[in-house]
Amino acid sequence: MKFFIFSCFLLCLTFSYAQRATDINILEPNFKEATLTKQYIYSDAHVAKGIEAVLKNDTLFHYEEKKFLNSGVFTHYNWVKIKIKNKSEVTKFVFEVNQTYLDSLQFYVVKGAGKVHSYPKKGLHFKDPDDTNFLSNKYAYVYPITIAQNEALTVYMRAIVNDGAFRVTNKIWTEKHYETRKLDIKIRTSYLIFFGGFTVLVVLISIAMFIFSKKRIYLYYTFFVAVVFINLLGLRHFVSPLYIEKYLFFGNSFTEMFALLQVTFILLYLNKFLPIKVYYPKVYIVLKYTAIFTFVFFISGLFLRRFDWFYGFSFYFTKAILLVVTVFMYAIALKLAFKKELMAYYFLLAYFPLMSFVAYYILTAFKLTNGFNPLQWEIVIFVEIFVLTIAMSHKYYLLIQENRVYERKIYEQRLKISRDLHDNIGAQLTFIISSIDNLQYGFNIKNDKLTGKLNSISAFTKDTIYELRDTIWAMNKDGISLEDLQVRISNFIDKAHLASRSTQFSFNIDKLLASSLEFTSVQGMNMYRIIQEAVNNAIKYAGATHVNVDIKKENNSILFSIIDNGKGFNAQTIIRGNGLNNIKKRASDINASLKIESKIDKGTQITFSVKV
């Protein structure tokens with residue numbers, strides 16, 4: 001038994017010695033690049049040890065022989081120790097730490113008996129003063145190191161990750177061969193620049209669709225795209241995270257704050273993008289108020305993040321709500337897809353890479369992955385925005401088609417109503433006039449008072465027919481040109497002159513105005529009615545002997561003027577009748593700026609301008 005125990009002890013000792021002897025990464029002759037697999041790691045959730053502490057206590061580390069180190073999301077403070085021996089002819093190398101999302105990264109090289117060389121601190125919250133290459137667009141952190149032939153050294157790395165997992169692959173390159181890596185990074189950078197241009201185009205298109213459709217979904221989508229892309233630029237250091245934190249008050253983990261904004265705009269635009277209100281009205285209300293709550297939480301976070309308790313709470317809250325919202329909306333989209341809703345298919349396609357990315361992130365959190373996420377974040381975001389933009393454009397196209405169908409139905413209804421007015425009401429009014437005339441001649445009425453009353457009813461009915469014809473004229477047109485308006489006003493003035501021989505009329509149109517200039521039927525009808533009302537007032541109430549109607553161009557507007565030389569009125573004391581009130585109401589309906597000026601015995605001037 002004693003022999004067995006002694007044999008096991010010797011076996012363990014031998015195994016430990018063998019491991020120690022093979023835990024060195026050897027740079028062989030003709031070496032160019034290698035992923036370092038022999039590594040020691042030490043992680044702690046609460047205690048941040050310094051270099052002196054880990055040098056004195058080697059037992060803190062445990063050995064892992066793998067390309068990918070993953071400490072999970074609950075260990076903020078991480079140390080990595082890597083032994084390297086150079087058997088190649090090269091002495092100049094580049095050490096690459098392949099994780100960009102680090103709050104702080106300190107790098108040390110130890111040669112011989114504790115001789116430590118430290119490098120400037122890097123990470124999201126630190127700037128490298130002597131950095132002259134592509135590191136403004138971070139895909140990795142790099143350190144130049146020199147290793148003489150047959151020399152051995154130990155690299156120590158201290159990484160702090162407050163938001164996410166410490167998951168890293170470490171590589172070493174010869175200084176010369178590293179130029180190929182730079183080229184690769186530049187190519188990826190060009191993709192991001194292209195993506196940036198594409199994003200700007202998407203934002204402009206979304207704003208345009210919002211302006212033309214007045215649908216808030218496009219405004220929500222614009223904000224969503226902008227927030228996602230700014231967050232990506234911050235992660236890749238195209239936009240300085242320090243600038244974001246200092247001037248936007250997002251705190252020292254800006255991705256959390258951006259995540260809250262993303263959740264807000266995801267809920268707002270998806271609530272309208274998917275027909276949730278139709279199928280699940282209660283869910284629609286819940287999502288609406290969840291978006292409001294998330295935005296309020298974001299605003300509160302701008303001021304509360306200085307407190308430690310809120311920082312810890314918000315860290316888990318933002319991750320949880322982003323995960324829950326994404327998964328929940330995907331489940332809703334799946335249900336709507338079974339109902340054959342077109343936009344649900346777009347959503348499922350757009351968010352599938354993101355769902356895969358999230359699934360991998362969860363596996364990483366529980367240390368169940370053996371490598372980096374195979375999906376690049378830029379690709380995930382690009383696919384999402386690309387597909388959703390196509391979907392938004394398709395939705396806009398369907399909206400235009402729906403409006404065209406609606407406008408066609410409205411136009412057909414207008415035609416039907418105008419025909420009914422002409423055939424029924426017009427015929428009945430004509431019958432009334434004919435009946436009154438027959439009464440006068442058929443019964444040989446001698447009562448002057450009765451004859452006058454019948455003539456008044458007949459004249460009123462004829463005026464009503466003229467008004468009806470004007471209304472039918474406007475209803476039968478989608479648009480009224482300036483030429484149409486000119487003809488209509490000329491006819492009206494001719495009739496007014498026949499009705500009031502003592503009044504002189506003039507009608508002038510600026511030659512600078514194109515006769516093809518077109519107004520909507522509502523605008524054209526209201527312009528005509530305002531002029532008609534003003535002229536009638538000048539004849540009936542003002543006793544004017546001269547009435548001028550002018551239409552001219554003034555800057556970006558058309559100015560209409562109706563000027564008479566009648567008795568005028570005091571605007572302060574007059575009780576406005578239906579005529580003036582109708583003019584004000586019609587001007588308001590077409591957003592025209594109206595001005596009424598009148599003086600006793602000096603006439604009245606009514607002007608209104610319409611922008612074109």
Side-chain angles (χ1 to χ4, degrees), residues 211-214 400-401 403-423 425-426 463-499 505-538 547-564 582-595 605-612:
I211 291 171
F212 289 114
S213 70
K214 300 296 187 293
I400 291 173
Q401 294 296 100
N403 286 342
R404 283 178 178 171
V405 171
Y406 176 75
E407 287 172 1
R408 184 65 189 171
K409 286 181 179 178
I410 292 294
Y411 180 68
E412 289 172 355
Q413 286 178 351
R414 281 165 51 194
L415 286 178
K416 184 178 183 301
I417 292 170
S418 66
R419 282 195 298 267
D420 290 342
L421 287 173
H422 182 272
D423 296 341
I425 307 300
D463 288 342
T464 304
I465 289 176
Y466 292 140
E467 295 283 339
L468 182 63
R469 285 173 180 169
D470 288 338
T471 303
I472 292 171
W473 163 72
M475 288 182 67
N476 283 337
K477 288 179 172 291
D478 285 329
I480 295 175
S481 69
L482 185 61
E483 186 177 15
D484 292 333
L485 197 59
Q486 180 182 356
V487 171
R488 210 74 188 176
I489 294 170
S490 295
N491 290 338
F492 166 71
I493 288 175
D494 289 342
K495 290 174 185 175
H497 184 58
L498 290 173
F505 294 90
S506 68
F507 176 39
N508 302 298
I509 291 187
D510 193 339
K511 293 180 179 179
L512 295 174
L513 291 170
S515 59
S516 60
L517 183 66
E518 192 168 81
F519 309 98
T520 66
S521 59
V522 173
Q523 283 179 317
M525 192 61 189
N526 278 293
M527 291 171 187
Y528 175 67
R529 290 297 191 205
I530 291 172
I531 294 170
Q532 191 180 44
E533 192 77 51
V535 170
N536 284 333
N537 286 347
V547 178
N548 299 324
V549 178
D550 295 321
I551 304 175
K552 62 181 179 180
K553 185 173 178 58
E554 189 178 78
N555 298 325
N556 294 325
S557 302
I558 297 180
L559 183 68
F560 296 80
S561 301
I562 306 95
I563 304 170
D564 69 65
N582 285 341
I583 288 173
K584 286 186 68 177
K585 176 67 170 59
R586 290 185 184 280
S588 175
D589 287 345
I590 58 174
N591 295 318
S593 59
L594 175 69
K595 190 175 183 181
Q605 179 173 332
I606 296 174
T607 58
F608 65 97
S609 62
V610 179
K611 289 186 177 180
V612 290

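Because only heavy atoms are used, hydrogens play no part in the values below, and waters and symmetry mates are left out as well, while side chains stay in. Fair warning: this is a prediction, and the values are worked out from it, not measured in the lab.
A 4.5 Å side-chain heavy-atom check between D494 and F505 finds every atom pair outside the cut-off. Looking at heavy atoms from C-beta onward, L485 lies in side-chain contact with F560 at the 4.5 angstrom threshold. Within the 4.5 Å cutoff, side-chain heavy atoms of I583 are placed close to those of N537. F519 is listed as a side-chain neighbour of I558, based on a closest heavy-atom distance under 4.5 Å. Side-chain atoms of I509 and I489, non-hydrogen and from C-beta on, never get closer than 4.5 Å to each other.
Closest heavy-atom contact between I480 and G524: CD1-CA, 3.9 Å. Pairing each heavy atom of Q605 with each of I563, the nearest pair is CG-CG1, 3.7 Å. Closest of all the heavy-atom pairs between F507 and Q486 is CE2-O, 3.6 Å.
Partners of E554 under the side-chain hydrogen bond (donor to acceptor under 3.5 Å, both in side chains) rule, at least two apart in sequence or in another chain, do not exist in this structure. Contacts of D564 classified as side-chain hydrogen bond (donor to acceptor under 3.5 Å, both in side chains), with partners at least two apart in sequence or in another chain: none. Residues forming a salt bridge (charged side-chain N to carboxylate O under 4.0 Å, His left out) with K585 (at least two apart in sequence, or on another chain): D589. When the side-chain contact (heavy atoms from CB on, under 4.5 Å) test is applied to A587, the partners found at least two apart in sequence or on another chain are I530, A592, L594. Evaluation of the side-chain contact (heavy atoms from CB on, under 4.5 Å) rule for K611 yields S557 as partners, not counting sequence neighbours. When the side-chain contact (heavy atoms from CB on, under 4.5 Å) test is applied to N508, the partners found at least two apart in sequence or on another chain are S506, D550. Contacts of S593 classified as side-chain contact (heavy atoms from CB on, under 4.5 Å), with partners at least two apart in sequence or in another chain: S609.
The line from CG of L517 to CG of D484 is 11.5 Å long, rounded to the nearest 0.5 Å. Remark: N526 CG to R586 CZ distance equals 5.5 Å, nearest 0.5 Å. Between the OG1 atom of T520 and the CD1 atom of I590 there is a distance of 8.0 Å, given to the nearest 0.5 Å.
Side chain of K495 to backbone of H497: no donor-acceptor contact under 3.5 angstrom is found. Without hydrogens or angle criteria, N536 side chain to E533 main chain gives no donor-acceptor distance under 3.5 Å. The closest donor-acceptor contact from the side chain of S588 to the backbone of K584 lies at 3.5 Å or more, if one exists at all.
Applying the 6.0 Å contact sphere to NZ of K553 captures more than 12 heavy atoms from other residues, nucleotides or ligands.
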Checklist entry - Does the pair N582 and R529 meet the rule for a side chain to side chain contact (heavy atoms under 4.5 Å, CB included), with working shown? => result CA-CA 9 Å; N582 285 341; R529 290 297 191 205; over 6 Å; no

